[in-house]
Amino acid sequence: MSDEPLSFDQAVAGVSEFIEVAIHTILYVRQVYPPDLFIRRKKYDTPVYQSRHPTLNEYISGAIKAVSDEIAQGTVEKVVMVIRNKEHVALERFIFSVENMVEVEPFNRGTRIENAMTAKSLVQYFRSFLIKLSMLECQLGQMNLGDDISFAILLELKDKAAPSVSHTTDPPPWVPAETQHTTAGVTEEAELHMIRSVNTGVINVSIAVQESAEKLRLEKEKRKQRRLEAKKAAELLKQEQPPQ
Amino acid sequence: MASQDSSEYYFDDDSQFLNALQNIVLPGDIQHDTIQTSENILDGLEDEHENASQESEELEPPPPGQPRPSLKRDYSQVEEDDWEEPDQVDEAVYGAAHFDNFGEYMRRKRAKLQIQNSQIGQGSQIFKGLAIYINGWTQPSVQDLRQMIVEHGGVFQPYLDKKGLVTHIITCSLTPAKLQEFKHMKVARPEWLLESIKAGTLLPWRDYKYIPEGRDDSSQGSKPKHQQSSLSMETQARQAAIEPLYVTDPKSVKEAAAVPGYASAVSNPNARRAMANPEWRKAHTSVSADFIDGYYKNSRLHHLSTWKSELKDLVHEAQERAEATHGGGHLGKVAAESGVSMRGMELPAMKSPSKSKGKNKAVVDHDRVIMHCDFDCFFVSAGLVSRPELKGKPVVVCHSQGNTGGTSSTSEIASCSYEARKFGVKNGMSLRQGRSLCPDLVTIPYEFDRYKQFSLQFYTVLMSHADDLQAVSVDEALIDVSDRVAQLRRSAGYEGSQYDPAKDYAETIRAEVRKATNCEISIGISRNILLARLATRKAKPGGSFHLLPEDVPEFLAPLEVSDLHGIGYHTKQKAQEKLGTTNLGELSKKSKSQLIDALGKATGEKLYNGLRGIDDKQIESDKPRKSVSCEINYGIRFENNEQAEQFIYQMAVEVKKRLDAIDMLGRSITLKIMKRDATAPEEPAKFLGHGPCDLFSKQGPLIGPGGKATSDDQIIGEFAWRLLKSFDFDPKDLRGIGLQVQKLESASSSNIPAGQAVLPFKRMQDSSRSGPSHRQATPTIADAVQALPQHPPPEPTKRAEQSFDLPSFSQVDMSVFDALPPSLQEELKNEYSRRSATPFTSVGAGGPPAPKPAPAFPNKPTGFPARRSITPVGVFPARSSAKEVNVKRITHQLAPQNRTNLSPQKSLLFMLMKKKPPKQVSSRTSEAKLRELGIDPEVFASLPKQVQDEQLVRARILKEKGSLPEPPSQRIILKAKKPTLPPGFVPYRAPAPKARFPEVPVLRQRGKAKGEKLAFTEADDVQRIMEAWVAAYKHWAPRDKDIEYLSKFLLQSVDSEYAGDVGVEKAVAVMKWWMVLLRRTWPGSEPGVDDDDEDEDEDGRGQVDAIGKAWWDAFWKVKREMDVVARRKFGGSLSLR
């Protein structure tokens, strides 16, 4: 790991790579897929979980490739990974907020950016990101929303920008997202947890997770139900054990 | 017997397989019963497709549970069974051939023939294992031979379509094409078979090798080919048995293998133990600071080699003196100085100086008398002078003394007495090897002082006799005594009789040396160096031998190649390998081209001539020193690059010392590296030796300041280190380092700086920088010219001849000038007189000003930078031609940079062209004007237009300046000028992009001291302040102002646009802490944030107090504000859970 400041290219590559690793980790942590689909590996000197499903991996890496092209363009604001239930209602939104701090001419993309963070310490940050992600359960509680959850990767661009990079004659590989998955569609009740963020000086990254109103409502209902059940159980218990 | 037949089904079987088959116990033996049964099972299977393919059957799996030694064996057995059963043979061999299956046809045909053969009765088995093919007409006939072969157990092969089947070919004659075809096969004459039968045993075929008339087929059968039987391989191996090589520290693994008792693959345990100790390492290996000095103090080879070069110098000096005094032959006194160097010694002048070196060569070869004088085991006999009691004992000279380390000593034997030689001890062996051959070996130490003294005495004697002398080494010299011997012969009067004046004279010399040193020398006499050296072998010990030309072939015949001087171990190996012999007698039968093919051009030619007693080498007494070097390959053990670098610099100092000693400078440097062979152990058998090594060398230029030759140790070290670094070797693997400086120049002569041309340019650049205005340019020219090295003042007469003071001409070394041919002198003078017309040289002189004012063109501001016009046109050609010695060097140096460095000249010329008057004038010039210019209008009119223009221009310039500018002496090709960058120009490079970080929101607070302002940015700090704040206002509602401060900070932080997501993180952390503080202080006042879990809040409700409520309200207010801000980016609200 070099002690020299990052170059733009390095920063783009580093951030995209990290997002990919993080998505795998989230899929594991939030139990979107069964745990035995994942293998434990080492990345950034910390244990992470990577999916073994080739189709899934292909989808993720394809999406990340497209994301990284857009990041290089400097138009990306957020990469969002939405976890949704079977009705496609967003439950949790993992927001990778990406902010390009500098505009770099194409010829300068390989040069070290003055005062930027070094690759070495960026990796350290990523490690802390991943550790926080894997302890997410403590913050959000166990994901017990049933088996039918799925996920999607969204790209939110800066105002009026549209995905532009395409390596073929085909249009860029993006489709318009469902509004309720996007930031604009988030209701006021949704709660945002800022997990971690870092300022690299080139591309600043942060991860936040947003629990949707739907999820909060569901959880509240569940809590209520549990309490009711508990009450019922307690009553039953009282009936069975008449006072002596 | 029948086994051969069966083999015919398997066309890919070889003769070895045939052998194997013969050893098989035939079926029917009890031990094979089981196998046989299995085969019978297989037989049934095979019957159906017997004809189809035999090979496919091999793929079939063996029947389970059957013993199966090997597939092939099984099937051969099968075939033998087949042979026993006639119908199967009929099917396999006599069946109808299928169409388009020639292979099958041939196979069957061969099988049939073998069946026929087998019907011939069996005699002895002497040809067992042979498969013989008979080619062409033979005596006795093919039929008879076939009979013989088969009778005696051999296989007769009627066809040669598969060479692998045939072990030998019998023939009486071969066509050239077949000769070529059978080149690598064993071709013998029929006599071989006949006589083998007669002898009752197989005779070696080689003795009956077929040799075509008039052709040398040395290659035939001499190359060990795989199809040769083991028998012939063995004889081959015996012939090529490697002779032991005697060195203590072999350089390659191959050599190491040839050294008896040299365990090349094992690390020397003593050395390894020693190396493990860093202290010891520091003191004794190359890491030690005074290692080089110590090394040279004790290195025998070093002494010998330095003495040799010193002796050469001495000889050379003596010769010069002799030439000066013309033969004042006196014996020089050899002072017994302390110190080992020979420097400062003096040898007597040569007896009859070789005033006619050139003529000497013209002397007819057989009239020349060369003597090779060599001490008999010099070190030993010198040592024995003071130890008479040891005479007659096996004595060796080596470092190791007494019995210390006797059995394992790797100390090298430098010299051994003839008594020791009888035991087989040789020079160059290690003491251990010597001891194993002769346990009573007595060792005596080196006595360098004495060697030096003896050597000088030896040379003194030789000097007084020799016409010409070449110092070969300390104890060995070649002298040319042709004149002397001719004189003797003449004076003796009767030529051609038994009397040999040369031998007589040699004895005289020997007697004189014996008298001077008490040591015996041997003298070999012959007509050239090579033969003289050979004669010495015969002369030894203590005698002389005259090898006469007519005896040469006889004398050479029994000798080995390596006996010839200059032909060593490797050539010998090569000769053995490629020519099959190392014997000179046999080699002399080879043609020149054969030798050259086998040994390479130089060696081959040398050997060819040498075999005929021809050697055109001349005695070289004054061979100039070509290189100076310093090589160390003992004790080189580095741990890191720093040590290696330091060592290189130390070696450079040593090289400098040597260069200085002979007053030379070098231009080129070669670095030789010995790197441990990857397979060799870390510590070789020789203690601290180099062991098997890979050799590398690299050459590079050695450039001193100003492009001169140099002897500066820093520069040498630097260049050498650069070369070493370019190899990129692990310093731990270095085992030997050599620095050699070549392209020597005498230090005094190269005081004339080679880089003259560089100097003025440098000056000019300086001047242009210091004074941009062209006014200042003039004085700098003077500077530049004066900066040119000063030379002996010019001859006054020459000076007077010139009409002007010529400063640059004054710099011409007059001795050189006078030495030039008159035509060149003339040319130079013209050049100078022309140059004197230009102003620069006169300005530079500082002498009387030029008679004419400076002409317009060179120095006027013409829009060209002034600095470009400074150099006078003629400086380079003039200078270089004046100093003939330096021309080459200067041009050479300038060559690669020509374009840039000579640009001033070009631009000057360019200006000159610009100055030409405009063209249109010429056509309309009036007659009057023409007359004014001194041109006849009539003639002018008749000229073609172009010539008119030319004439006009010429006349105008003449009129204006009085003289014509000379055309440049060199043809200058104009080329598009390269765009030159202004000095100090740095091409624009876009600055590296700078990282940008979001602003950090600051919480400001008034400090305790008045006017002091505190600023807090970190979450921790803000949290601490908040804690203090909450604690301080425990009994009061928070002040609006404070809340405002805080909320301002938090809102700023939470604004991603402003502070980034790190700010959000920070704001949330602060808010959480605030909430914790509030909960701690006023748990009851917390509003039930739309939570409908009444039970949990019930207990706290009662304790609501106004202060707490105010705090909580403030908190939620701030939180709501923050949510609004955060919503802009993320939507929703912030969670504080």
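All values below come from the heavy atoms of this structure, side chains included, with hydrogens, waters and symmetry mates left out. Note on naming: letters A, B, ... go to the chains in the order of the sequence lines (proteins, then strands), and numbering restarts at 1 for each one.
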Which region of [X], side chain (C-beta onward) or backbone (N, CA, C, O), has a non-hydrogen atom less than 4.5 Å from a non-hydrogen atom of chain B, or is it both or neither?
| X | answer |
| --- | --- |
| R93(A) | side chain |
| L6(A) | neither |
| S97(A) | both |
| E188(A) | both |
| E211(A) | side chain |
| N115(A) | both |
| T200(A) | backbone |
| V80(A) | neither |
| I113(A) | both |
| L216(A) | side chain |

Heavy-atom count around [X] [atom1] within 6.0 Å, excluding the residue itself: above 12?
| X | atom1 | answer |
| --- | --- | --- |
| E221(A) | CD | yes |
| Y125(A) | OH | no |
| E87(A) | CD | yes |
| K1072(B) | NZ | yes |
| E114(A) | CD | yes |

Hey, does F1130(B) have a side-chain heavy atom less than 4.5 Å from the side chain of I95(A)?
yes
Can you tell me how far the [atom1] atom of [X] sits from the [atom2] atom of [Y], to the nearest 0.5 Å?
| X | Y | atom1 | atom2 | value |
| --- | --- | --- | --- | --- |
| T183(A) | R1127(B) | OG1 | CZ | 13.0 Å |
| L192(A) | K1129(B) | CG | NZ | 10.0 Å |
| Q210(A) | S1135(B) | CD | OG | 10.5 Å |

Would you check if the side chain of [X] reaches a backbone N or O of [Y] as a donor-acceptor pair within less than 3.5 Å?
| X | Y | value |
| --- | --- | --- |
| E191(A) | S1133(B) | no |
| S206(A) | V1062(B) | no |
| E1065(B) | S197(A) | yes |

Problem set entry | Which atoms of K1066(B) approach chain A - backbone, side chain, both or neither, heavy atom under 4.5 Å |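 Interface part for K1066(B): neither.
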